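Heads up, the thing below is written out as structure tokens.
Here the structure is a predicted model, which is why all the values come from computation and not from measurement. Because only heavy atoms are used, hydrogens play no part in the values below, and waters and symmetry mates are left out as well, while side chains stay in.
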Amino acid sequence: MQTIQAAIMGAAQGISEFLPISSSAHIVFTSTIYKILTGVNFQNVGSEEIFFDILIHLASLLAVIIFFFKDLKTLIAGFFAAVKNRNYKTPEFQTCLFVTVSTLITCIIGFFIKDIAHKLTENPAIVSILLLCTGTVLFLSEKLKKPERKMDFKTSIFIGIAQGLAVFPGLSRSGLTIATGIYNGLNRVQAARYSFILSIPIIIIASMVYPLLELNISDIQTFNLKAMAVGCIISFITGFLCIKFFMKFLEKFNLKCFAYYCWTIGIIMFIISLKAA
């Protein structure tokens, strides 16, 4: 792995992980363009690339934890206080319950479709079509949203399903979960905050599965760790800045502009992928 490759992938991950535009799609697209320009495909060609993908996800996860540190601290303290006092109707306990429900549903769905989803990373044309679907979901969530209300058990189930389906590259995790929340009556900021907090357990779980089941620890000695460190730093910085920008953005604007972006990039990459095939 070259440093420039790590930097590009780190930036693609950090920028697109928290914006509703599908980080997996952008990494596939970046790989496709890189292959066209250099003749070398850096996406999923070995354990080094897959291991690096895990690292940059963890780097972006760190950005979430730092940005929402006060919220997480309040949430965890409130949860244990609720358990101690046997008051299970507190907002903190309810939020933790909803996150648990959403995560469990995501894990169940992801377990059954992960192999199919992994194969799709090799087909940029299908990923482009799925990105078009992401744009459509973002657009319709604003058009068809229900009257504003608080988070509830049913909404946590739907968001869990949406996050599970986002295992498919091109279906944005943040986009589908935020859009599902908005459609079910959450305001944009509430939906985004829940989506970002929900990303914490699922990224941790996903990052543990591959190393434990598939990675040969001895292979790490052959990896370009300096390049990986560069990519992780870039992923963290861009991820933190994107969260900050996106939360401010949602206070004033809706998701339609991201829908237009997904449609535009999806169409462009569909055409490019057909020519590159």
| task | Establish, yes or no, whether a centroid distance under 6.0 Å links the rings of Phe258 and Phe249. | result | yes
Shortest non-hydrogen contact between [X] and [Y], atoms and distance:
X	Y	answer
Thr103	Pro201	OG1-CG, 3.5 Å
Arg149	Asn184	NE-O, 2.8 Å
Thr238	Ala11	OG1-O, 4.1 Å
Gly160	Thr106	O-OG1, 2.9 Å

| Which side chain to side chain donor-acceptor pair (under 3.5 Å) pairs, counting each pair once, include a residue from residues 262-272, with sequence neighbours left out? | Thr136-Trp263
Taking atom [atom1] of [X] as the centre, does the number of heavy atoms from other residues, nucleotides or ligands within less than 6.0 Å exceed 12?
X	atom1	result
Lys244	NZ	no
Lys119	NZ	no
Phe80	CZ	no

| task | Can you sort out the partners of Ser172 under side-chain hydrogen bond (donor to acceptor under 3.5 Å, both in side chains), two or more places apart, ordered by chain and number? | result | Ser174
| task | Go through the structure and list residues passing side-chain hydrogen bond (donor to acceptor under 3.5 Å, both in side chains) with Gln94, not counting sequence neighbours. | result | none
| query | Under 30°, 30 to 60°, or over 60°: which ring-plane class applies to Phe93 and Tyr88, parallel, tilted or perpendicular? | reply | tilted
| message | Below 30° counts as parallel, above 60° as perpendicular, anything between as tilted: where do the rings of Phe196 and Phe18 land? | response | perpendicular
| Where do Thr155 and Tyr194 land on the side chain to side chain donor-acceptor pair (under 3.5 Å) test, with the steps shown first? | CA-CA 11 Å; Thr155 301; Tyr194 184 80; over 6 Å; no
| field | Geometric cation-pi criterion Lys145 and Tyr183, 6.0 Å radius, 45° cone | value | no
| Is it true that the side chains of Gln13 and Ser60 contain a donor and an acceptor less than 3.5 Å apart? | yes
| request: Among Ser235, Ser23, Ser24, find the one that has a side-chain hydrogen bond (donor to acceptor under 3.5 Å, both in side chains) with Glu17. | output: Ser23
